[in-house]
Amino acid sequence: MLSSNLTIVFRTDSSRLIGYGHLMRCLTLALALKQHGCKCYFVCRDLTNNHGVLVTQQGFELILLPRDTSFLPEADIPVPQHATWLETSWQHDINQCIPHLTSLKPDIIILDHYALDAKWEVQAKAYCDKLMVIDDLADRTHQCDLLLDYNLSIEPNAYKAWIPQHCQLLLGGKYALLRDEFKQWQHLSMHRRNTNRLETVLITFGGIDSDNNSESVLRVLKNMPALALKRIDVVVSANAANLASLNAAALCMPIDTIIHINVRNMAELMANADLAIGSGGGSTYERLFLKLPSLLMPIADNQVAPLLSMSKSGFFELFRDFMELACRLRRYCSQPLPFVTAPVLFGAPLVCQILLAKNITLADVKPLDIRRTFHWLQNVKLRQQFLQHSAPVRASHVTYWRALLKDQAQYSFSIIQRGKHVGNLGIKHVNVQNNQAELWIYIGVQTDHNKGLGTAALALLEYFIKYTLLIDNVVIHVAQDNYAALSFYDKLGYVASDDKLVAPEFANKNVLQMRKTL
């Protein structure tokens with residue numbers, strides 16, 4: 001378990017216009033950091049219909065910045081596309097934040113705000129050791145040390161023109177910020193998918209649902225008795241724009257229809273649903289993690305492109321209007337529900353691990369790391385440790401790594417020591433149902449052997465397996481004549497297995513299988 005007594009300040013907002021998705025994902029990360037001993041504070045502006053109460057309900061201190069009632073946008077000055085969401089200028093915002101940053105002396109600042117960019121970040125960075133940005137737009141410059149975007153549709157080079165060279169990118173579904181409740185319901189939810197019956201529908205268009213899309217869905221379902229539904233759950237917040245009308249519509253439904261307000265059991269509702277109908281946003285990843293089939297409608301401009309990309313990958317289906325929704329639903333009168341496969345993991349522990357890293361950390365593999373690995377594997381001793389007999393050819397080496405990094409069933413990382421790439425490790429043959437995965441690791445820089453690097457890196461990988469993959473049993477294959485490696489793994493709690501079912505790639509090699517329960 002990681003431990004830290006760092007002070008972390010979150011700068012994010014919520015309002016009728018912004019919604020509260022940004023605040024919720026920051027709270028999710030704050031709760032995970034709190035488990036490691038971090039002290040987290042939230043700096044938010046007192047905007048109309050903000051959800052700051054959620055911060056205090058979770059036990060964090062909330063610092064409210066006053067509304068800027070005299071704010072007028074400055075003409076002819078380049079600003080982020082969503083600059084008006086701040087309801088003040090970035091200069092006024094950072095000037096109001098600085099006294100609090102001076103007092104709190106944060107080690108880390110985490111910014112999640114579409115209205116702020118590098119100008120704000122440069123000034124904030126003077127008051128912390130590390131600054132992380134959470135984003136999913138890739139539409140403005142940043143000056144940060146880490147940038148998190150767990151959008152499944154994000155391209156590897158999307159932020160290349162927007163961030164400094166030293167910035168570490170955390171991209172993709174393995175970094176998804178999901179609340180603890182979701183890991184508790186994962187297995188039950190996955191088991192429910194085996195039935196493929198449509199009996200329960202979950203409707204969720206965000207807490208506010210200003211367009212009253214939830215009620216429109218109820219009208220569609222009311223006119224489709226052939227679906228033979230048994231229950232409908234609708235989730236909104238107490239600030240929902242059309243709550244009274246929605247309640248009245250629910251009372252007129254021919255089947256049990258429950259309106260849930262300010263829910264604290266969203267994971268349970270998703271796990272017990274057969275189909276979700278709703279919008280994009282953060283809940284998209286919650287549904288994908290629980291393998292819940294979904295029909296989604298983009299309700300914001302920034303949702304269109306990512307949802308379209310993910311729908312083309314088969315993660316869910318989109319509908320543009322409620323006539324199209326009815327057409328898609330009619331298929332389920334006679335066809336089974338689709339099975340969801342999406343690379344969304346319980347990512348908050350992994351983000352914490354990287355954010356709190358000191359000398360050694362894990363990072364996503366970069367093209368330069370692949371080229372460096374090619375040179376490492378020219379060394380005969382390293383290849384012997386990795387059970388590879390011949391030196392790799394450059395073209396096949398690059399092809400192999402490209403395929404490896406695209407394989408959604410495998411996870412590979414570079415080992416980074418004080419900013420230097422020193423080795424590689426990863427996980428393959430991941431089997432969630434059997435609660436097992438296989439790991440591999442090697443230190444590429446020979447002069448770094450026997451210095452504790454392998455022990456530290458392996459501990460980070462085991463942490464990822466246990467707390468992000470949610471798997472407890474690991475396997476590794478070691479050459480039987482590699483006595484140093486056998487001794488190394490033995491000291492770390494790996495036990496030689498008498499299991500004869502050696503992985504296919506090692507079938508004709510003199511290897512020993514070792515196992516460990518994390």
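Sequence positions, counted from 1, serve as the residue numbers for this chain. All values derive from a computational prediction rather than experimental measurement.
Side-chain contact between Val430 and Ile427 is present, with at least one heavy-atom pair separated by less than 4.5 Å. Between Leu146 and Leu169, every side-chain heavy-atom pair lies at or beyond the 4.5 Å cut-off. Contact check for Leu460 versus Phe464: no side-chain heavy atoms found under the 4.5 Å cut-off. When side chains are defined from C-beta on, Val432 counts as touching His187, because their heavy atoms get closer than 4.5 Å. Between Val9 and Ile110 there is no side-chain heavy-atom pair separated by less than 4.5 Å. When side chains are defined from C-beta on, His375 counts as touching Arg394, because their heavy atoms get closer than 4.5 Å. The side-chain heavy atoms of Leu356 and Cys38, taken from C-beta on, include a pair separated by under 4.5 Å. Using a 4.5 Å heavy-atom cutoff, the side chains of Phe374 and Pro392 are in contact.
A distance of 4.0 Å separates CG in Leu368 from CZ in Arg372, rounded to the nearest 0.5 Å. A distance of 9.0 Å separates CE in Met24 from CE in Met266, rounded to the nearest 0.5 Å. Leu116 CG to Leu111 CG: the interatomic distance, rounded to the nearest 0.5 Å, is 5.5 Å. Here the straight-line distance linking atom SG of Cys26 with atom CG of Leu31 works out to 11.5 Å at 0.5 Å rounding. Between atom CH2 of residue Trp185 and atom CD of residue Glu181 there is a gap of 9.5 Å, rounded to the nearest 0.5 Å. To the nearest 0.5 Å, atom CD of residue Glu155 and atom CG of residue Leu171 are 10.5 Å apart.
Counting heavy-atom neighbours within 6.0 Å of Gln184 CD, excluding the residue itself, gives a total above 12. Environment of NZ in Lys130: crowded, with over 12 heavy atoms of neighbouring residues, nucleotides or ligands closer than 6.0 Å.
Put simply, the side chain of Thr468 gets close to the backbone of Phe346: a donor and an acceptor are under 3.5 Å apart. A donor-acceptor pair is defined here as one N or O able to donate and one able to accept, closer than 3.5 Å; such a pair exists between the side chain of Thr102 and the backbone of Ile98. Of the possible donor and acceptor atoms, none in the side chain of Lys39 sits under 3.5 Å from a partner among the backbone N and O of Lys34. Asn434 places no side-chain N or O within donor-acceptor distance of the main-chain N or O of Gln436, the cut-off being under 3.5 Å. Although no hydrogens or angles enter the test, the distance criterion places no donor-acceptor pair under 3.5 Å between the side chain of Thr361 and the main chain of Ala357. Between the side chain of Trp401 and the main chain of Ile370, no donor-acceptor pair closer than 3.5 Å is present. Counting only distance, with no hydrogens or angles, the side chain of Asp13 and the backbone of Cys44 share no donor-acceptor pair below 3.5 Å. Between the side chain of Arg320 and the main chain of Met297, no donor-acceptor pair closer than 3.5 Å is present. Between the side chain of Ser311 and the main chain of Leu307, a donor-acceptor pair closer than 3.5 Å is present. In this structure a side-chain-to-backbone donor-acceptor pair under 3.5 Å is present from Ser4 to Leu6.
For the residue pair Asp364 and Ser414, no side-chain donor N or O sits within less than 3.5 Å of a side-chain acceptor on the partner. Side-chain contact annotation: Gln303 with Asp136, donor-acceptor N/O pair under 3.5 Å absent. Using modelled atom types, one finds no donor on one side chain facing an acceptor on the other under 3.5 Å when comparing Thr141 with Asp117. Side-chain contact of Arg140 with Gln81: a donor-acceptor pair under 3.5 Å is absent, judged by distance alone.
Salt bridge Glu286/Arg179: present, at least one basic N to carboxylate O contact under 4.0 Å. Salt bridge present: Lys125 and Asp145 bring a charged side-chain N and a carboxylate O closer than 4.0 Å. Taking a cutoff of 4.0 Å between a charged side-chain nitrogen and a carboxylate oxygen, Arg25 and Asp112 qualify as a salt bridge. Between Asp369 and Lys366 no salt bridge is recorded (no basic side-chain N to carboxylate O distance below 4.0 Å).
Listed by chain and residue number, His51 satisfy the ring pair (Phe, Tyr, Trp, His ring centres under 6.0 Å) test with Tyr20 (two or more places apart in sequence, or in another chain). Residues meeting the side-chain hydrogen bond (donor to acceptor under 3.5 Å, both in side chains) test with Ser412, sequence neighbours left out: none.
Across all non-hydrogen atoms, the minimal contact from Ser15 to Ile18 is OG-N, 3.0 Å. The two atoms that bring Ile416 and His421 nearest to each other are CD1-CA, 3.8 Å, heavy atoms only. Nearest heavy atoms, Leu65 versus Cys97: CD1-SG, 3.9 Å. Scanning all heavy atoms of the two residues, the minimum distance from Ala271 to Leu290 falls at N-CD1, 4.2 Å.
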Stepwise side chain to side chain contact (heavy atoms under 4.5 Å, CB included) check, Cys352 with Leu29: CA-CA 8 Å; Cys352 288; Leu29 183 54; 4.0 Å; yes

- prompt: Where do Asp180 and Gln35 land on the side chain to side chain donor-acceptor pair (under 3.5 Å) test, with the steps shown first?
  reply: CA-CA 11 Å; Asp180 272 1; Gln35 294 177 10; 3.0 Å; yes

field: Criterion side chain to side chain contact (heavy atoms under 4.5 Å, CB included) on Leu170 and Leu147, from CA distance to verdict
entry: CA-CA 6 Å; Leu170 312 181; Leu147 188 143; over 6 Å; no

task: Take Thr517 and Asn473 through the test side chain to side chain donor-acceptor pair (under 3.5 Å) and record every step on the way to the result.
output: CA-CA 5 Å; Thr517 300; Asn473 300 295; 3.1 Å; yes

Verdict with supporting geometry, Leu362 and Gln353, side chain to side chain contact (heavy atoms under 4.5 Å, CB included): CA-CA 9 Å; Leu362 304 184; Gln353 177 178 287; 3.6 Å; yes

message: Evaluate Leu288 against Leu152 for side chain to side chain contact (heavy atoms under 4.5 Å, CB included), listing each step before the verdict.
response: CA-CA 10 Å; Leu288 291 176; Leu152 290 179; 3.6 Å; yes

field: salt bridge (Lys or Arg N to Asp or Glu O under 4.0 Å) assessment of Glu462 paired with Lys516
entry: CA-CA 10 Å; Glu462 290 177 348; Lys516 180 179 181 179; 3.2 Å; yes

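With a 6.0 Å cutoff to the six-membered ring centre and a 45° limit on the axis angle, Lys105 does not count as a cation-pi contact of Tyr127.
Between Trp376 and Tyr442, the ring planes are perpendicular. Angles over 60° get that label, and only those under 30° would be called parallel. Between Tyr463 and Tyr467, the two ring planes are tilted [angle within 30° to 60°]. Taking the six-membered ring where tryptophan is involved, the planes of Trp85 and His22 are perpendicular, since the angle between them exceeds 60° and thus also 30°.
Taking the six-membered ring where the residue is Trp, the centroids of Phe10 and Phe60 are separated by 6.0 Å or more.
Under the ring-ring contact (aromatic ring centres under 6.0 Å, His included) criterion, the residue pairs touching residues 132-156 are Tyr150-Tyr285, with sequence neighbours excluded.
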